[in-house]
Amino acid sequence: PRVYFTPEEAKQIKLRRFDGLKTKYGWTWNKQYNPLLEAADAAFDVTTVRVSMNTGKSVMMDIWEDVNSQHNRDQYLAASFDDDGTKFEEPYTGFGCLIQQKLTDMLKAWSLSYIMTGKKVYSDQAIKMAMNIASWEWWIDKNWTDKKHIDADASIAWMMEGMVTVYDMC
């Protein structure tokens, strides 16, 4: 099964990476691929991401730590108060969604970079992150969904997009 492209199409993608000829739309494949490779390379050094809050504050979250860990929950809730100590509002599920969108972006960058270059360093990192994410009990802000009496939110869709990318390409 596949989500993105067949092995034959992947070969064509690798070849296009070096194509410097302008398409009929005025851009080159090479200029499209280079920023993706740069993003994948930069993601190797990422250990934390900034998650902005509805209070205007932000917290730094460890990308390797389960979004529902007590450490992440404590950080997130502490940033849910205005400067005068008043609780801003019940924190939105951005606790899970925002970090998971960033993780998905990294998974996709590593996976696509592997397809473009064939370098295992990209697939190894994507698989390592995917296996870490697979170990989490929930791919949602469980505290928030429980309070709202719902079973899922957009976090699951974002995580599935990243996980499927790794499955399909690596």
Side-chain angles (χ1 to χ4, degrees), residues 1-52 58-69 71-73 75-76 93-142 145 151-170:
R2 73 179 178 113
V3 176
Y4 289 97
F5 34 74
T6 65
E8 186 56 41
E9 290 167 328
K11 290 177 190 173
Q12 294 302 314
I13 289 170
K14 284 181 187 178
L15 294 175
R16 286 186 183 147
R17 175 177 165 224
F18 301 104
D19 188 347
L21 297 175
K22 286 190 176 183
T23 66
K24 64 182 178 181
Y25 305 106
W27 51 266
T28 67
W29 283 103
N30 182 268
K31 286 190 178 178
Q32 297 298 312
Y33 287 165
N34 286 338
L36 177 66
L37 289 171
E38 290 168 7
D41 289 339
F44 282 112
D45 296 326
V46 174
T47 57
T48 59
V49 293
R50 181 175 306 282
V51 177
S52 298
S58 61
V59 294
M60 297 301 291
M61 298 180 78
D62 183 334
I63 65 168
W64 296 99
E65 190 173 341
D66 185 333
V67 295
N68 286 295
S69 72
H71 173 255
N72 280 336
R73 179 125 221 99
Q75 281 193 104
Y76 187 79
T93 188
F95 174 61
C97 291
L98 295 175
I99 191 172
Q100 290 179 4
Q101 181 60 57
K102 292 175 184 187
L103 294 176
T104 293
D105 290 345
M106 290 189 293
L107 290 170
K108 288 166 47 178
W110 288 322
S111 298
L112 286 166
S113 293
Y114 170 66
I115 291 296
M116 289 189 307
T117 66
K119 293 181 179 177
K120 290 225 8 107
V121 66
Y122 294 116
S123 63
D124 289 348
Q125 187 72 355
I127 291 167
K128 178 180 173 184
M129 175 62 78
M131 294 305 290
N132 180 59
I133 292 166
S135 74
W136 298 353
E137 186 174 359
W138 303 99
W139 292 351
I140 55 176
D141 178 353
K142 188 67 173 135
T145 55
D151 295 322
D153 67 3
S155 302
I156 294 173
W158 282 321
M159 275 316 348
M160 283 306 298
E161 181 183 358
M163 298 295 271
V164 163
T165 302
V166 175
Y167 174 81
D168 199 44
M169 296 183 199
C170 298

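Along the sequence shown, residues carry numbers from 1. None of these values were measured; they are calculated from a predicted model. Just so you know, these numbers use all the heavy atoms, side chains as well, and skip hydrogens, waters and symmetry mates.
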Colleague: When you check the side-chain N and O atoms of Trp158 and Gln101, is any donor under 3.5 Å from an acceptor?
Modeller: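 Indeed, the side chains of Trp158 and Gln101 share at least one donor-acceptor pair under 3.5 Å.
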Colleague: So, taking the atom named CD in Glu9 and the one named CD1 in Ile13, what distance separates them when rounded to the nearest 0.5 Å?
Modeller: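 Glu9 atom CD to Ile13 atom CD1 measures 7.0 Å (nearest 0.5 Å).
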Colleague: Between Lys11 (side chain only) and Thr6 (backbone N and O only), is there a donor and an acceptor less than 3.5 Å apart?
Modeller: no
Colleague: Could you walk me through whether Phe44 and Tyr122 pass ring pair (Phe, Tyr, Trp, His ring centres under 6.0 Å), step by step?
Modeller: CA-CA 9 Å; Phe44 282 112; Tyr122 294 116; 5.8 Å; yes
Colleague: Do Val49 and Met60 touch side chain to side chain, with heavy atoms closer than 4.5 Å?
Modeller: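 Result no, sub-4.5 Å side-chain heavy-atom pair not found.
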Colleague: To the nearest 0.5 angstrom, please state how far the OG1 atom of Thr28 sits from the CZ atom of Arg17.
Modeller: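 That separation rounds to 13.0 Å.
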Colleague: As a quick check of understanding, evaluate side-chain contact (heavy atoms from CB on, under 4.5 Å) for Ile63 and Met129, giving each step before the final call.
Modeller: CA-CA 9 Å; Ile63 65 168; Met129 175 62 78; 3.6 Å; yes
Colleague: Could you give me the CA-CA distance, side-chain angles and deciding distance for Ile156 and Met160, then say whether side-chain contact (heavy atoms from CB on, under 4.5 Å) is met?
Modeller: CA-CA 6 Å; Ile156 294 173; Met160 283 306 298; 4.2 Å; yes
Colleague: Calculate, to the nearest 0.5 Å, the distance between atoms CE and NZ belonging to Met61 and Lys102 respectively.
Modeller: 10.0 Å
Colleague: For the pair Tyr33 and Trp29, evaluate ring pair (Phe, Tyr, Trp, His ring centres under 6.0 Å) and give the outcome as yes or no after the intermediate values.
Modeller: CA-CA 6 Å; Tyr33 287 165; Trp29 283 103; 5.8 Å; yes
Colleague: Parallel, tilted or perpendicular for Tyr25 and Trp27, by the 30°/60° rule?
Modeller: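 Tyr25 and Trp27: parallel rings.
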Colleague: Using 0.5 Å steps for rounding, measure from the SG atom of Cys170 to the CG atom of Asp124.
Modeller: 8.5 Å
Colleague: Crowded around Met131 CE? As in, over 12 foreign heavy atoms under 6.0 Å?
Modeller: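 At most 12 heavy atoms, drawn from other residues, nucleotides or ligands, come within 6.0 Å of this atom.
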Colleague: Identify which one of Leu103, Asp168, Ile133 satisfies the side chain to side chain contact (heavy atoms under 4.5 Å, CB included) criterion when paired with Met163.
Modeller: Ile133
Colleague: What heavy-atom pair brings Ser111 and Thr165 nearest, and what distance separates the two atoms?
Modeller: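 Of all heavy-atom pairs spanning Ser111 and Thr165, the closest is CB-CG2, 3.6 Å.
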Colleague: Any side-chain heavy-atom pair from Leu36 and Ser113 closer than 4.5 angstrom?
Modeller: yes
Colleague: Considering all heavy atoms of both residues, which atom of Val166 and which atom of Ala130 are nearest to each other, and what is their separation?
Modeller: CG1-CB, 4.0 Å
Colleague: Between Asn30 and Phe18 (side chain of the first, backbone of the second, donor and acceptor by atom type, cut-off under 3.5 Å), is there such a pair?
Modeller: no
Colleague: So does Asn72 get a backbone contact from the side chain of Gln75, meaning a donor-acceptor N/O pair under 3.5 Å?
Modeller: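 No; judged by distance alone, with no hydrogens or angles, the pair does not exist.
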Colleague: If you take all heavy atoms of Met169 and Phe5, which pair is closest and at what distance?
Modeller: CE-CZ, 3.8 Å
Colleague: Ser69 side chain to Glu65 main-chain N or O, any donor-acceptor pair under 3.5 Å?
Modeller: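 Flag not set: sc Ser69 to bb Glu65 has no pair under 3.5 Å.
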Colleague: Of the non-hydrogen atoms in Ala40 and Ala109, which two are nearest, and what is the gap between them?
Modeller: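 Here Ala40 and Ala109 meet closest at CB-O, 3.6 Å.
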Colleague: Calculate, to the nearest 0.5 Å, the distance between atoms CH2 and OG1 belonging to Trp64 and Thr48 respectively.
Modeller: 13.0 Å
Colleague: Set out, in order, the CA-CA distance, both residues' side-chain angles and the distance that settles side-chain contact (heavy atoms from CB on, under 4.5 Å) for Lys108 and Glu161, then state yes or no.
Modeller: CA-CA 8 Å; Lys108 288 166 47 178; Glu161 181 183 358; 2.7 Å; yes
Colleague: Hey, what do you get for CD (Gln125) to CE (Met106), rounding to the nearest 0.5 Å?
Modeller: 8.5 Å
Colleague: If you take all heavy atoms of Lys119 and Tyr114, which pair is closest and at what distance?
Modeller: O-CD1, 3.2 Å
Colleague: Show, in sequence, the C-alpha distance, side-chain angles and deciding distance for Thr117 and Leu37, and conclude whether the side-chain contact (heavy atoms from CB on, under 4.5 Å) test is met.
Modeller: CA-CA 9 Å; Thr117 66; Leu37 289 171; 3.7 Å; yes
